[in-house]
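Notes for the one structure printed next.
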Amino acid sequence: MSDLKSLEAALRKKSVQAALGLLVFFISYLLLILFALGLAIGLTYVGVQLVIVFPRFITLLLAIAMIIVGPMIIAYLFKFLGKKAEDHKGVEIQLKEADQPELFKLLRELTAKVNTSMPRKVFLVPEINAGVYFDSSFWSLFWPGRKNLKIGMGLLHSTNRTELEFILAHEFGHFSQGSMMLGSYTYQVNQILTVLLSPDETPRQAEEYDNLGLISIGQRFGKTIIYAMSEILKSLFKLVNLSHSSLSRQMEFHADAVAASIYGPKPLKHSFNRTEFMENCFSLMGNFYNRYPGNQYSPKNLYRDLEIVKKVLCEEYAIPEHNGQPYIRPTNKLKPIKSQISFYENWNSHPEHEERIASLEALFGEQEFPKPNPEAAFKILLNPTKLEEELSLEILKADAEEQSPLKDSLDADEFEKAFRELWKQQVYHPVYNHYYDQWNPEPFDLDQAAKTENNIEAESLFQIEIVNSIHDCFSISEDLNLLAHISAKNIDVKRFRYKDRQYKRLECGKLSMELRKEQEDLVKKISENDQRIYHYCLAREKQLNKEPRLQGMYENWFKFLKPQEQEQDQPLAARIMAKMDFIEQVTPYDTIEKNFENLLPLEHLFRQELSEQLENERLCQTLGTEVLDSLKAYLAASPKYFKKEKYLDEKLQLFIKALQYSLHIIWPELFQNRKIELLEYQVSLLPQEICEAALKKQKEAIPIED
């Protein structure tokens, strides 16, 4: 991309290609319709003449078999007209100029700079994003209106004023692209093809029929033609979407250039770097509220809480402020956990962030642009708190499985305190260098590990190389999963790329074997390091004359990691639930009584275990009052669930809830508690200077490279 003119020329070229792809589809589809009509008329004519010339019962059946073929094919081709379009609108609030004058003033200024029209409607949505779209009705293909603009409240909390203006200018760059209309056509074509190519609508190549009479022969002939048509439509689907994906990528480059010609490339670069951080903040905030079904709090303002989470993480990781927002610089130290198999590059509608930044820096890197405005973007809204609370309420309504009254909400100080407590339970000491973030050691022989090598260097235990080996191990799992789908033809690709080499589908088995061997070697390497960690910490425990606790802590942790192949290895709640299938079936009364009697010994142990668990203060804090009250009510009730040929529903529901809470909430929480206690104790055994150095490094401010 040497200059803006070359971008515009490339955009025109891709637009022509996408338009030709759509034209080929519409002509091909029209030809299929004409073929179906011609076939229907021809077969009907032949069938009628056959009955007239040879008036027999068998010729009547043959005529019916011929006549039904045409309507079958026509009905298939127009099947999409009977399908109601799905509503993908999601949560949104329409903004009016009378209510938000400053925002609309900015929009008018930007449309004037970009030389395009104002959006028809402006909506506020929850996401950390912005976008433009046409109304996606069928009739918009013939009478296209003005485009609509969506602005994410999450985006307003993730950007400063200049970054917001850049992103909106980018969206208005799309407004100025005549090729956007091709996206609306492509959307409608995909709606049609999604219906026609769905497994429910498309017959298999070879279909079995119980009745092999003349009429069923007509059905088979019709479905064979429909199958052939579906294969043609699949090819057209690829043609239309590949050409439009290529156009979409070029539209992104062009829209970036439009915005960067006003603001330069830096606003996009900084907002890109921050996006993943803010998505993580949003996810952590959601985890706080959704962690357990019994959580006693409902958020009144998600975006106030988002700001608090952002503040906490910036403090924890010494993230400096730059132009009014956290300064996030991408790091190449840790490998991402993701598959290295690629086959959909040509289907991606957006270029990678790095490509977009490189393109803009090549175009505008040497030019000077005005200093950025560091004011928080959300301040452009009039009364933003009211809108944030309204949007938060709409999100809660959309996510709720059933309408229920809102629970208590926390004020800002209460939320920050509660979130910090939860945060401490989810992060590990920086000395571990993210070693245990994804990894839970496979159980090993503790006695044997205690006798292994001596003279282990503490600094070698959590080096970045071994942490990246863990990430490689999980990435291979992603690779193997994809290879299984490609091999089974669940993913329609004949060739794919792994790392820097091209492979055919037939090579999936061989590559899978190679990756499994590589993964086994990685697991062995990591497991050996786990044993070195244990050996070193055990030696330090003796050296520091501490009470021997490490072995017992590992044994308790390994109980949760041990494969639950035998019944006795499974949690009590799981063993009881496996024996309670009878309550879902029609069962004689005396058998029900007997089944509950047989469960009593296990339930007695379960009640004892649950009572002991509820003495754990840390566990009780995370469960919430609703879950705690339910568990206490269960423990207070007698273990009698069937009487006088009737289930005692209230007590039985308490029992079932207690089992579910134990298995899906308490058990994972106890595992996490065991892990935290073990890792905190291990930190106390490591050399103090190493731990302090890790803490100091985490608190070092990131140098700003603007």
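Positions are given from 1, in the same order as the sequence printed here. Keep in mind the model is a prediction, meaning the values are calculated, not measured.
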Main-chain N/O of [Y] paired with [X] side-chain donor or acceptor, under 3.5 Å:
X	Y	result
Ser246	Leu242	no
Gln519	Cys473	yes
Arg505	Val493	yes
Thr194	Asn190	yes
Ser230	Tyr227	yes
Thr224	Arg220	yes
Tyr76	Leu196	yes
Asp445	Asp447	yes
Asn529	Leu461	yes

### Task
List for me each residue that meets side chain to side chain contact (heavy atoms under 4.5 Å, CB included) alongside Ser475, sequence neighbours excluded, and say none if there are none.
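Ser475 satisfies side chain to side chain contact (heavy atoms under 4.5 Å, CB included) with Ile337 only.
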### Task
Quick one: do Phe560 and Asn440 satisfy side-chain contact (heavy atoms from CB on, under 4.5 Å)? Show the steps, please.
CA-CA 10 Å; Phe560 290 88; Asn440 295 314; over 6 Å; no
### Task
Answer with yes or no after comparing the ring centroid distance for Tyr428 and Tyr432 against a 6.0 Å cut-off, counting only values under it.
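No: the rings miss the under 6.0 Å criterion.
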#### Entry: Aromatic ring proximity, centroids under 6.0 angstrom, Phe288 and Trp423
no
At what distance, to the nearest 0.5 angstrom, does [atom1] of [X] lie from [atom2] of [Y]?
X	Y	atom1	atom2	result
His434	Phe462	NE2	CZ	13.0 Å
Ile464	Asn433	CD1	CG	4.5 Å
Leu360	Leu7	CG	CG	8.5 Å
Ser359	Glu361	OG	CD	10.0 Å
Leu39	Ile225	CG	CD1	5.0 Å
Tyr436	Leu679	OH	CG	6.0 Å

Measuring only between side-chain heavy atoms, which start at C-beta, is [X] closer than 4.5 Å to [Y]?
X	Y	result
Asp530	Glu442	no
Leu32	Ser28	no
Leu572	Trp667	no
Lys517	Met513	no
Glu355	Phe253	yes

#### Entry: All pairs passing ring pair (Phe, Tyr, Trp, His ring centres under 6.0 Å) where residues 464-496 contributes a residue, at least two apart
Phe496-Tyr503
### Task
For Glu514, look at atom CD and say whether over 12 heavy atoms of other residues, nucleotides or ligands are found less than 6.0 Å away.
yes
### Task
Please check if atom CD in Gln502 has more than 12 non-hydrogen atoms from other residues, nucleotides or ligands closer than 6.0 Å.
yes
### Query
Under 3.5 Å, is there a donor-acceptor pair linking the side chains of Glu459 and Gln463?
no
### Query
Sequence neighbours excluded, which residues qualify as ring-ring contact (aromatic ring centres under 6.0 Å, His included) partners of Phe558?
Phe444, Tyr554
### Message
By the definition side chain to side chain contact (heavy atoms under 4.5 Å, CB included), identify the one residue from Ile192, Ile73, Ile33 that meets it with Phe78.
### Response
Ile33
### Message
Under the side chain to side chain contact (heavy atoms under 4.5 Å, CB included) test against Leu522, which residue among Ile466, Ile470, Ile476 passes?
### Response
Ile476
### Task
Output, in order, the C-alpha distance, side-chain angles, deciding distance and verdict of side-chain contact (heavy atoms from CB on, under 4.5 Å) for Gln551 and Glu555.
CA-CA 6 Å; Gln551 181 174 344; Glu555 287 172 351; 3.2 Å; yes
### Task
Assess whether side-chain contact (heavy atoms from CB on, under 4.5 Å) is satisfied between Ser158 and Thr275, documenting all intermediate values.
CA-CA 7 Å; Ser158 305; Thr275 299; over 6 Å; no
